Number of protein chains: 2
Amino acid sequence: MNDVRPIRAKSGTNHEGTSAHNRRVMIDALRVNGQLSRADLARATWLTKQTVSNIIEELERDGLVCSQEPVRKGRGQPSTPYRLVPEGAFAIGLQIDRHVTRAVAVDLIGSVLVRAEAGLPPGGPSTGTKVILDLVADVRSRLAGIVQQSEKRLVGLGAAMPGPFGVAGSGDDPWMMEAWQKFPLLDTLTAGTGLDVGLQNDAAAAATAERMVGAAHGLDHAVCLFVGYGIGAGLILNGELYCGANGNAGEIGMALLFADGKSTPLEHRASLASLYQHLSADPADPGLHARINDLASRGDQSIETWVEAAAADLRWSIHLIETVFDPETVILCGSAPEALVNRLIAAIGPLLPSIAERPGRMLPRLQPGMADPWSVAIGAAAGPISRAFDPRFAAILKDFL
Amino acid sequence: MNDVRPIRAKSGTNHEGTSAHNRRVMIDALRVNGQLSRADLARATWLTKQTVSNIIEELERDGLVCSQEPVRKGRGQPSTPYRLVPEGAFAIGLQIDRHVTRAVAVDLIGSVLVRAEAGLPPGGPSTGTKVILDLVADVRSRLAGIVQQSEKRLVGLGAAMPGPFGVAGSGDDPWMMEAWQKFPLLDTLTAGTGLDVGLQNDAAAAATAERMVGAAHGLDHAVCLFVGYGIGAGLILNGELYCGANGNAGEIGMALLFADGKSTPLEHRASLASLYQHLSADPADPGLHARINDLASRGDQSIETWVEAAAADLRWSIHLIETVFDPETVILCGSAPEALVNRLIAAIGPLLPSIAERPGRMLPRLQPGMADPWSVAIGAAAGPISRAFDPRFAAILKDFL
DNA sequence: GTAATAAGTCAAGACAATTGACTTAATAAG
DNA sequence: CTTATTAAGTCAATTGTCTTGACTTATTAC
């Protein structure tokens, strides 16, 4: 008699959802356009002048926006432009990588205020958790020393680490990433910091960073091909990060390529891991990054061999991404040394023909992303900020949070 | 002095957006769950009983929902379940294929009420437009003869044809599809029918159909791998059809495969077009569909050869889809004869290992979709219905329509 | 100097969800 | 059989947020 099957339905919304959405739309418009007057905002958002005025007033009270000097532009009363206040909100970003962890404090417009780094001891979560929590606490206290009311304006902690999540592991894992992937990191960080914690994979974090301050700024459809120790794609679809049903969308490094009669994951052919193997280098070596940068800029032959092979695979990956996602642009980013990235981009071109070749294109098909080893940590921090301030469907719903 | 760069911003929302969203949420909940009482709806949507009552009353007045017999379930006043009224809304779906065009009239729950088919004469749009408009007019008048107020309840016309759109063509195109793809079909259909017209590629239409009445019913993350004359993927992401920046997302048939030292699009290896070529058959032959079905069910050797090769490519495609989209399930659909689809599905298994292999999976990784040659036309009709009644971010915004 | 134009405010109004008390109708318990 | 309990659903008043239209202010064009 009683129905066991649970009812599946989407959440409704109400006035608060409306208001929250409109606030986010204002913030987004200011982020993308730099500065706008109330009248500009009203025209751009289809809201009335009065509504915009009310919301801007509220945002100003909350310390998220501030006015600039009025500007005269032709007839009529001069307009007062508004812009985002960087110190209106902060977030902490945390990158957990194989042998290192990094934490940053980032403000509303994506500027990095504090950086901290620590080596991750072998042993995975059992020994690493303390290192991480200490690092976060360090960043947090240093932030408090730099800006006013940092704790009150801290919207959350974003963590980023290599994916995939929740999948049966492969077994060969010298860096304990599998242990980290299975570890209840979210709960541990929430309990250890008292903050609102989010988790994404490193490619997604890189994409979030590119959208906030990089090449994907203001774009609604962009894919970041992330070449790091592994390979992944961070997907910006319809203006939001897309994570798939289980948070693993974009794990393109696990795509199998068939060549010479055997199948190999892309990740084993074109990632930094494959380069390290090619060079018989130790990934834990702290000087490796600089050495590879040096070799790449000198056009070293052993690097070149790898670059040629990797570029072919990446060229194909970009073609595939264009074909299945139809983005406005593809952004090549990662934790590789800058000289290597430049060599790779040069070697990748010309791109394979694809549906991205269309008349009237405005953006390049392929663009370089941030060449900053900290970009994943920055993107991790951008996660909570985006969640708190960007317009998104989920944020209008009553079941949001 | 004057700013040439246009202001980019997302649209705000207001009460109407809220109300429209909540109406859509109700309809969606009833579609997914079959029937629900007002109290059920209130719990599932996080809205109050009163709000749900008001909206349901309005939907009932509009003829979109109706009440069922009250049911007693334990203590308390019996609940009155509501369900969707199929004849509450209709849409016309139009499939434009290489040598045939089909039109259907579909109701709110996806039932087909009228079907019509016509051959497309050679010559592309210049001669085909009249055939198509006549076909639509025929379906429309027959619909008017079957149900009351069909014109008033007609929400739009959806068209589906092979993609991609807006891309420089390949040249070798015996079926004039390139001419169709460049033709201003939307304007022509709007002018010729006076209806609200939408356009999508055939894979997207198939996915829309699967979501309304097929294997993707109620799923928010599903990919339909469509094997027809070409190959494409219809993407259901976050509960909505994803089209990409230019409406070409999912055109996986154009993905290049590298084998034997040369690159070939997937479409040239595993589509029906490749089968026709393999069999030296004429695609315009009206008896071909039945003949292939017959051959496939008898295990004919020439078919088997193709099936084995195609299955290998499709197995890889499914693996790739799982890897980049992380869907809840992949649905294999298309316009292939049923016996061939069954042979293909059998030959595809077992699937390649991927991130889709996770503990606690509920749905099969691969499911067969509708084996109906009309499914693309049905999906085309499902487009306008989805646009009018499904919850979606765009529908709350002031710039919707 | 005056008209035109544009930014922005004020106060009243409209719309849609919320709230809390109430009614209705069933089962469970004594 | 009577009464308490539970759940569905309604009523009327309230609240929150956007909209409307008139108004004020500040500037340029003629």
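Residue numbers start from 1 in every chain, and the chains themselves are labelled A, B, ... in the order their sequence lines are given, proteins ahead of strands. Since the model is a prediction, treat every value here as computed from it, not as a measurement.
- The partner of C:dG13 is D:dC18, by the rule that a Watson-Crick or G-U pair needs both atom distances under 3.5 Å.
- With rounding to whole Å, A:H21 atom NE2 is found 10 Å from D:dC18 atom P.
- Distance, A:I396 CD1 to C:dA16 C1': 14 Å, rounded to whole Å.
- At the heavy-atom level, A:N22 lies under 4.0 Å from the strands shown only through sugar-phosphate atoms.
- Residue contacts for A:R43: at a heavy-atom cut-off of 4.0 Å it reaches the sugar-phosphate backbone alone, with no base atom in range.
- If you check every strand for non-hydrogen atoms under 4.0 Å, A:S53 touches sugar and phosphate atoms only.
- A donor-acceptor contact under 3.5 Å links the side chain of B:Q50 to the base of D:dC11.
- Between the CG atom of B:L41 and the P atom of D:dA7 there is a distance of 18 Å, rounded to whole Å.
- D:dA29 atom C1' lies 18 Å from atom NZ of A:K73, rounded to whole Å.
- Taking only side-chain nitrogens and oxygens, A:N54 never comes nearer than 4.0 Å to OP1 or OP2 of D:dT17.
- Of the candidate nucleotides C:dA26, C:dG8, C:dA17, C:dA17 has the atom lying nearest to any side-chain atom of B:S19.
- Rounded to whole Å, the distance from CD1 on B:I56 to P on D:dA8 is 15 Å.
- Annotation: of the two residues near DNA chain D, B:R75 and B:K398, the 5′-most nearest-nucleotide partner is B:R75.
- Under the 30°/60° scheme for interplanar angles, the aromatic rings of B:H21 and A:F393 are found to stand perpendicular.
- Regarding contacts with the backbone of C:dA16, every side-chain N or O of A:N14 stays at 4.0 angstrom or more from both OP1 and OP2.
- Closest-nucleotide positions on DNA chain C for A:G76 and A:A39 were compared, and the one nearer the 5' end corresponds to A:G76.
- Residue A:H15 places a side-chain atom within donor-acceptor reach of the base of C:dA16, judged by atom type and a 3.5 Å distance cut-off alone.
- Rounded to whole Å, atom P of C:dG8 lies 13 Å from atom CD of A:Q68.
- Taking side-chain N and O atoms only, B:R72 has no distance below 4.0 Å to OP1 or OP2 of C:dA25.
- Nearest heavy atom pair, residue B:A222 against residue B:P327, reads CA-CB, 4.0 Å.
- With no hydrogens or angles considered, a side-chain donor-acceptor pair links A:N54 and A:Q50 at under 3.5 Å.
- Between D:dG9 and B:T80, a contact under 4.0 Å exists linking OP1 or OP2 to a side-chain N or O.
- From B:R83, atom CZ reaches atom CD of B:Q68 across 4.5 Å, with rounding to the nearest 0.5 Å.
- What separates CD1 of B:I55 from C1' of D:dG9 is a distance of 15 Å, to the nearest Å.
- With no hydrogens or angles considered, a side-chain donor-acceptor pair links A:S37 and A:D40 at under 3.5 Å.
- If B:P81 and A:T18 are placed on DNA chain D by their nearest nucleotide, the residue sitting closer to the 5' end is B:P81.
- When the side-chain nitrogen and oxygen atoms of B:T48 are compared with OP1 and OP2 of C:dT18, one or more of them lie within a distance under 4.0 Å.
- Here C:dA7 presents its P atom at 7 Å from CG of A:D40, a figure rounded to the nearest Å.
- Taking the six-membered ring for Trp, B:F325 and A:F325 have ring centres closer than 6.0 Å.
- Within the 4.0 angstrom heavy-atom criterion, base atoms lie near A:T51.
- Close to C:dA6, at under 4.0 Å from its OP1 or OP2, lies no side-chain N or O of A:R38.
- Using a 4.0 Å cut-off, no side-chain N or O of B:K49 falls inside it from OP1 or OP2 of C:dC22.
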